[in-house]
Amino acid sequence: MEREQALERLNALVGKDLRPLAAQYTLTVFTPSGSRNKGWAGHVIERYLGLPLNSSRAPNFGSWELKVVPFKLTHAGALVPKETMAITMLDPVEVIQKPFEESHLYMKLKKQIVVARTWVDQSESVSLVHKVATFDLGDGELYRAIKQDYELIREQIKTSGFLSLSGKLGRYVQPRTKGPGGNAPRTRAFYARTQLVSLIFAEPVIEVPGSGIE
DNA sequence: CTATGATCATCC
DNA sequence: GGATGATCATAG
């Protein structure tokens, strides 16, 4: 499916509650024993768009990537990102070999649709589709900043080793442990910091020459 | 077992 | 309360 078509379909979902849809698609939110399927909202959106669940590392729609992130209400009444956003696994061999432009990280950030859903509490009794954003990394300042994060991570792998990577690194994109933890986590993934998630949902600045807002 | 979908839990 | 590490369900 092309991104434009998916965007239309998703915009029709704004304001709707995802929870009944999970039931309709017979997706697990909580197992009978009470543990949770953390990816339930993402699965609902994928099913809604007609995508079968799979675990391929390529962008899920071929040329563009779909994500859903929870937003929470602040005391001031604004909806803001609740969490960082997992992007893709970090393969040290690939990162050392490939420049940013050829990386999985870049492919996943190049063109995407990100759906914000409301998060109330862990019972997930309701979750409304809040906002749908298209995002293209482009070739501007943000592109250069994220490429810098990638290069930083790359250098640290070279100088100190893959296992030295921690979530402290990176301004917009961080390398965090993911997968089996314990004494010595062996795997890392790229995560978008909440600041980057905010930028993805920020209204584009429209410059009006002569308006004084330039 | 490791990837996907992600959020939870703990530490500061 | 934010940042970092750990973890859950499911598919291949």
Side-chain angles (χ1 to χ4, degrees), chain A residues 6 10 18-19 21-23 25-62 64-76 78-95 103-105 107-108 112-127 129-130 149 153 156 162-198 200:
Chain A
L10 291 172
L18 292 175
R19 191 56 201 274
L21 286 178
Y25 296 137
T26 62
L27 295 166
T28 306
V29 178
F30 294 95
T31 62
S33 62
S35 61
R36 66 190 64 251
N37 175 8
K38 296 180 181 181
W40 76 270
H43 290 160
V44 167
I45 299 293
E46 290 184 342
R47 288 293 300 276
Y48 173 77
L49 291 177
L51 191 79
L53 304 186
N54 74 83
S55 59
S56 160
R57 199 153 66 125
N60 37 21
F61 285 87
W64 59 278
E65 176 73 10
L66 175 68
K67 295 281 180 193
V68 13
V69 291
F71 272 47
K72 66 177 181 186
L73 213 45
T74 63
H75 292 301
L79 278 170
V80 300
K82 170 179 177 286
E83 297 276 353
T84 53
M85 185 173 83
I87 303 171
T88 193
M89 291 305 291
L90 195 169
D91 175 355
V93 177
E94 189 209 281
V95 171
S103 66
H104 273 99
L105 175 63
M107 289 195 291
K108 295 251 181 179
Q112 50 184 24
I113 289 182
V114 188
V115 176
R117 72 179 184 96
T118 60
W119 180 91
V120 179
D121 61 38
Q122 289 185 7
S123 73
E124 300 281 19
S125 49
V126 294
S127 179
V129 176
H130 168 56
D149 286 342
I153 291 164
Q156 172 138 344
F162 176 65
L163 295 177
S164 76
L165 294 178
S166 89
K168 294 183 178 63
L169 254 52
R171 176 177 172 196
Y172 288 114
V173 172
Q174 58 177 176
R176 290 235 299 283
T177 61
K178 177 174 173 169
N183 297 332
R186 286 182 259 250
T187 48
R188 304 288 189 280
F190 290 108
Y191 285 81
R193 291 189 182 274
T194 51
Q195 188 192 168
L196 176 54
V197 178
S198 294
I200 289 172

- [ ] Let me know the distance between CG of Leu196(A) and P of dA3(C), rounded to the nearest Å.
- [x] 13 Å
Task: Residue met sooner reading DNA chain B from 5', once Ser56(A) and Lys82(A) are mapped to nucleotides - done: Ser56(A)
Open item on the list: What's Lys168(A) touching, base or sugar-phosphate or nothing? Going by heavy atoms closer than 4.0 Å.
Closed with: sugar-phosphate
Task: Non-hydrogen side-chain atoms of Leu18(A) and Ser127(A) separated by less than 4.5 Å - done: yes
Task: Strand DNA chain B as a dot-bracket string - pairs counted if Watson-Crick or G-U with both distances under 3.5 Å, | where the partner lies in another strand - done: ||||||||||||
TODO: Scan Gly39(A) against the nucleic acid and name what it touches under 4.0 Å (heavy atoms): base, sugar-phosphate only, or nothing.
DONE: base
Open item on the list: Could you tell me how far apart Lys178(A) (NZ) and dC8(C) (P) are, to the nearest whole angstrom?
Closed with: 14 Å
Task: Set of side-chain contact (heavy atoms from CB on, under 4.5 Å) partners for Ser166(A), sequence neighbours left out - done: Lys168(A)
Task: Test item: Glu124(A) side-chain N/O and Val29(A) main-chain N/O as donor-acceptor pair under 3.5 Å - done: no
Open item on the list: Reading DNA chain B from 5' to 3', where do the contacts with chain A start and stop? Cut-off is 4.0 Å to heavy atoms.
Closed with: dA3(B) to dA9(B)
Task: Polar side-chain atom of Arg186(A) near backbone of Gly179(A) as donor-acceptor pair, under 3.5 Å - done: no
- [ ] Could you check which of dT4(C), dC8(C), dG1(C) has an atom nearest any side-chain atom of Lys38(A)?
- [x] dC8(C)
Open item on the list: Strictly distance-based, threshold 3.5 Å: is any side-chain N or O of Gln156(A) a donor or acceptor partner for the main-chain N or O of Ser164(A)?
Closed with: yes
Task: Side-chain donor-acceptor contact under 3.5 Å, Arg176(A) with Gln174(A) - done: yes
TODO: Under 4.0 Å between any heavy atoms, over every strand shown, what does His75(A) touch: base, sugar-phosphate, or nothing? Just pick one.
DONE: sugar-phosphate
Open item on the list: Using a 4.0 Å heavy-atom cut-off, does Gln195(A) contact any base of the nucleic acid, only the sugar-phosphate backbone, or nothing at all?
Closed with: nothing
Open item on the list: Heavy atoms only, 4.0 Å cut-off, all strands: where does Thr84(A) land among base, sugar-phosphate and nothing?
Closed with: base
TODO: Give Arg117(A) one of three labels, base, sugar-phosphate or nothing, depending on what nucleic acid heavy atoms sit under 4.0 Å from its own.
DONE: sugar-phosphate
Task: Pairs involving residues 27-39 of chain A, ordered by first then second residue, that meet salt bridge (Lys or Arg N to Asp or Glu O under 4.0 Å) (sequence neighbours left out) - done: none
Task: All side chain to side chain donor-acceptor pair (under 3.5 Å) counterparts of Ser35(A), not counting sequence neighbours - done: Thr31(A)
- [ ] Report the residue (Arg193(A) or Ser33(A)) whose heavy-atom-nearest nucleotide on DNA chain C is the more 5′ of the two.
- [x] Arg193(A)
TODO: Please check if the side chain of Lys67(A) supplies one atom and the backbone of Ala86(A) the other of a donor-acceptor pair under 3.5 Å.
DONE: yes
Task: Main-chain N/O of Arg188(A) paired to Thr177(A) side chain as donor or acceptor, under 3.5 Å - done: no
What pairs of nitrogen or oxygen atoms, one from the protein and one from nucleotides 10-12 of chain C, lie under 3.5 Å apart?
| from | atom 1 | to | atom 2 | distance (Å) |
| --- | --- | --- | --- | --- |
| dT10(C) | OP1 | Thr28(A) | OG1 | 2.8 |

